[in-house]
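One structure is given below, encoded as C-alpha cells.
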Amino acid sequence: MEASKQQHLPAAPERVIIPFIEGDGVGREIMPVCRRVVDHAVAKAYGGKRSLDWTEALAGEKAFNATGNRLPEETMNMFREYPVGIKGPLTTPVGGGVRSLNVALRQTLDLYVCLRPVRWFRGVDSPLKEPQKVNMVVFRENTEDIYAGIEWQQGTPEARKFLQFLTGEMGVTKIRFPETSSFGVKPVSIEGTERLVRAAIKYALKNQLPGVTLVHKGNIMKFTEGGFKNWGYALAEREFARETAEGKLVIKDVIADAFLQNTLLTPEKYSVIATLNLNGDYISDQLAAMVGGIGIAPGANINYESGHAVFEATHGTAPDIAGKNTANPSSLLLSAAMMLEYMGWNQAAALITNAMEKAFIKGEATHDLARFMPKGKSLGTVQFGDKIMNEMD
Ligand code: NAI
C-alpha cells in the first residue's frame with residue numbers, strides 16, 4: 001500500500017477521517033442521527049482522546065443537484081484515499097446508463113467480502129421460538145458467481161453464437177429449449193474462493209468463534225459450487241493446519257438448501273458462514289428476517305488486503321416513509337458499530353450496541369420494531385437516537 005494510504009489506516013491514529021455518503025430518501029434522516037450517536041459513543045469511550053472527522057462525499061440526488069453527476073469522480077477518489085467509509089442508501093434511478101455507486105465502489109476497490117453479522121437483540125420481535133440462539137456472521141463472496149453479469153438474452157445474435165459454441169464445440173446436448181433460452185455464465189475461481197474463505201477463517205480465529213461453515217450447492221454444480229467447497233477445505237488444511245490440530249478451528253460444509261432449513265431449526269450450530277455470491281444474497285435476507293428484519297441489519301463491503309472497507313445501511317431509501325422522522329437508524333448505526341470494531345475501537349462500538357439493546361428491552365424503538373413489541377413505544381428517528389445516547393450515559 002502507498003504511504004498516503006498508510007497514514008490514514010484505521011488502527012493507529014486517534015483522529016480518523018471518515019468519508020460518508022448521506023444517501024437519498026431516509027438517508028437524510030438516519031445519517032445525521034448516526035453521526036451524532038457515534039460521536040457521542042467515541043467521546044464517551046475515549047474521553048476526547050479519539051475522534052472521527054466526518055467528511056461528506058457527494059453521491060445520488062445530492063450530488064446530481066450540486067454537480068449534475070450522481071457519482072462524481074471526487075467521491076470515488078475519497079473512497080480510494082481513505083480506507084474506511086460509510087454510506088446511506090441511494091436511489092437506483094429507473095432507466096439504463098447510470099452506474100450504481102455500490103457496483104462502482106465494489107469493482108474499483110475490489111471489495112471482495114460482503115460482511116453481514118446477524119444477531120438478535122433482546123426485546124426485538126422474532127418469528128423464532130429461541131432467537132437468542134442466532135449469532136452468525138456471513139462472509140458472502142462479492143465479485144464472482146452468476147453476479148459477474150455474463151448473460152446473453154434469448155433471441156440475440158450473441159445467444160445464438162453461444163448456443164452454437166455449446167452444441168457445436170463443447171458437445172452439449174442437454175439444453176431443453178435451445179432456441180428460446182437465455183444464457184448465463186457462472187465463474188467461480190480458486191483465488192476468489194481462497195481469499196474469501198481465508199478472511200472468514202481469520203475472522204473466526206480472531207474472535208475465538210468455533211469455526212467456519214462453507215455453504216454451497218456442490219451436489220448440483222460440481223465444479224463451481226463444489227469447487228468452492230473443495231478449495232475452501234484445501235486452503236484451511238494448507239494455511240491453518242496448526243489451528244485445526246489445536247482444536248481452535250473446525251471447518252464444515254453444508255448444502256445451501258439444508259442450511260436455510262437448519263438456520264431456522266438449529267441456528268446455534270453455525271457461527272461464521274463462508275458462501276458464494278448468490279447463496280449469500282438469499283442467506284443474508286433470511287437471517288436478517290429471523291432477528292428483526294431490514295431496519296436493523298448492518299453490512300459492509302471489505303477488501304482485507306488493501307484494508308478498504310465501506311460500511312452501509314443494507315436497506316434502500318424507503319421512499320414510502322422518507323421525510324416523516326419514522327425511519328429506523330439501527331441498520332446504519334450497527335454498520336457504524338462494525339466500522340468502529342474494524343478500526344479496533346471496540347469500546348465505542350459496544351456502547352452503541354449495548355445502549356440499543358437497553359432501549360429495545362424497554363420496548364422503545366422506531367415504529368417498524370415497536371409495533372411488534374409488547375407495550376412497545378414508537379419513537380421518531382431523532383428521538384430514538386437521543387434515547388440511545390441517554391442509555392449510554
Ligand atoms: P427499501 O429497503 O427502501 O424499502 C422496503 C421496505 O422496508 C419499505 O416498506 C420501507 O419503508 C421499509 N424500510 C426500509 N428501510 C427502513 C428503515 N430504515 N426503517 C423503517 N423501515 C424501512 O426497498 P425498495 O422500496 O425496494 O427500494 C427503494 C429504493 O432504494 C430504490 O430506488 C432501490 O433501488 C434503492 N435501494 C438502494 C439500496 C442501497 O443503496 N444499498 C439497497 C436497496 C434498495
Side-chain angles (χ1 to χ4, degrees), residues 19-35 37 57-64 70-71 75-76 79 85-107 109 111 114-116 121 124-125 140 142 147 277 280-282 284-285 288-289 291-302 309-339 356 359-360 364-373 376 378-385 387-388:
F20 73 95
I21 290 167
E22 187 176 71
D24 299 326
V26 293
R28 290 184 206 111
E29 296 159 71
I30 58 176
M31 186 60 86
V33 168
C34 171
R35 285 171 51 200
V37 173
L58 293 182
E61 283 160 26
K62 211 170 178 181
F64 188 77
R70 286 182 174 272
L71 181 51
T75 293
M76 292 303 292
F79 279 89
I86 188 162
K87 65 173 281 288
L90 292 166
T91 307
T92 312
V94 185
V98 182
R99 205 165 160 230
S100 141
L101 175 85
N102 280 345
V103 175
L105 283 173
R106 199 176 308 145
Q107 288 178 348
L109 304 175
L111 305 171
C114 175
L115 185 64
R116 294 278 177 91
F121 286 88
V124 174
D125 183 62
R140 168 184 171 191
N142 223 0
Y147 278 71
N277 209 337
D281 193 4
Y282 302 148
S284 309
D285 273 27
V291 292
I294 200 165
I296 198 177
N301 296 298
I302 304 178
V310 180
F311 297 81
E312 63 173 352
T314 56
H315 56 76
T317 58
D320 51 337
I321 58 164
K324 295 182 181 157
N325 188 39
T326 55
N328 188 347
S330 300
S331 168
L332 190 62
L333 259 174
L334 291 173
S335 302
M338 284 171 74
M339 176 178 86
M356 199 182 271
F360 292 151
E364 296 189 47
T366 46
H367 184 64
D368 56 317
L369 298 181
R371 66 188 156 152
F372 298 119
M373 294 171 167
S378 295
L379 301 182
T381 310
V382 173
Q383 291 68 32
F384 181 62
K387 175 73 194 163
I388 294 175

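None of these values were measured; they are calculated from a predicted model. This chain uses plain numbering: 1 for the first residue, then up along the sequence. Note that ligands are numbered from 1 as they come in the structure, with each ligand's atoms numbered from 1 the same way. These numbers come from the heavy atoms of this one structure, side chains and all, not from hydrogens, waters or symmetry mates.
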Practice item. Test Ser378 against every option in Glu364, Arg371, His367 by the side-chain hydrogen bond (donor to acceptor under 3.5 Å, both in side chains) rule and name the one that passes. Key: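 When Glu364, Arg371, His367 are each tested with Ser378, the side-chain hydrogen bond (donor to acceptor under 3.5 Å, both in side chains) holds only for His367.
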Give the atoms of ligand 1, by number and element, whose distance to some non-hydrogen atom of [X] is under 4.0 Å.
X: Ala327; value: 19 (N)
X: Thr91; value: 32 (O)
X: Lys87; value: 40 (O), 41 (N)
X: Thr92; value: 32 (O), 33 (C), 34 (O)
X: Pro319; value: 28 (C)

Is there a protein heavy atom less than 4.0 Å away from [atom]?
atom: atom 21 (N) of ligand 1; result: yes
atom: atom 24 (P) of ligand 1; result: no
atom: atom 1 (P) of ligand 1; result: yes
atom: atom 17 (C) of ligand 1; result: yes

Within the structure, does [X] bring an N/O atom to less than 3.5 angstrom of an N/O atom in ligand 1?
X: Gly295; answer: no
X: Gly316; answer: yes
X: Asn328; answer: yes
X: Leu90; answer: yes

Distance from [atom] to nearest protein heavy atom, with residue and atom:
atom: atom 41 (N) of ligand 1; value: Asn102 ND2, 3.3 Å
atom: atom 29 (C) of ligand 1; value: Thr317 OG1, 3.1 Å
atom: atom 4 (O) of ligand 1; value: Ala318 CA, 4.2 Å

Rounded to the nearest 0.5 Å, what separates atom [atom1] in [X] from atom [atom2] in [Y]?
X: Leu71; Y: Leu105; atom1: CG; atom2: CG; value: 7.0 Å
X: Arg35; Y: Glu22; atom1: CZ; atom2: CD; value: 8.0 Å
X: Ile86; Y: Met339; atom1: CD1; atom2: CE; value: 5.0 Å

Point to revise | Arg140 charged N/C atom sitting above Tyr147 aromatic ring, 6.0 Å / 45° | key: yes
Can you see which heavy atom on [X] is nearest to which on [Y], and at what distance?
X: Met356; Y: Phe384; result: CG-CZ, 4.1 Å
X: Arg116; Y: Ser284; result: NH1-CB, 3.6 Å
X: Gly323; Y: Glu29; result: N-OE2, 2.5 Å

Check your understanding: Would a distance-only check, ignoring hydrogens and angles, find a side-chain to backbone donor-acceptor pair under 3.5 Å from Asn325 to Thr381?
Key -> yes
Check your understanding: Between Leu369, Ile294, Thr326, Thr314, which one has a non-hydrogen atom sitting closest to atom 12 (C) of ligand 1?
Key ->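 Looking at heavy atoms only, the winner is Ile294.
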Review point. Who's closest to atom 10 (C) of ligand 1 heavy-atom-wise, of Leu332, Asp320, Asp368?
Key: Asp320
Review point. Sequence neighbours excluded, which residues qualify as ring-ring contact (aromatic ring centres under 6.0 Å, His included) partners of Phe79?
Key: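 Per chain and number, Phe79 pairs via ring-ring contact (aromatic ring centres under 6.0 Å, His included) with no residue.
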For residues 295-302, tabulate all N or O donor-acceptor pairs below 3.5 Å that involve a side-chain atom, not counting sequence neighbours.
{"from": "Asn301", "atom 1": "OD1", "to": "Asn142", "atom 2": "ND2", "distance (Å)": "2.8"}
{"from": "Asn301", "atom 1": "ND2", "to": "Glu312", "atom 2": "OE2", "distance (Å)": "3.3"}

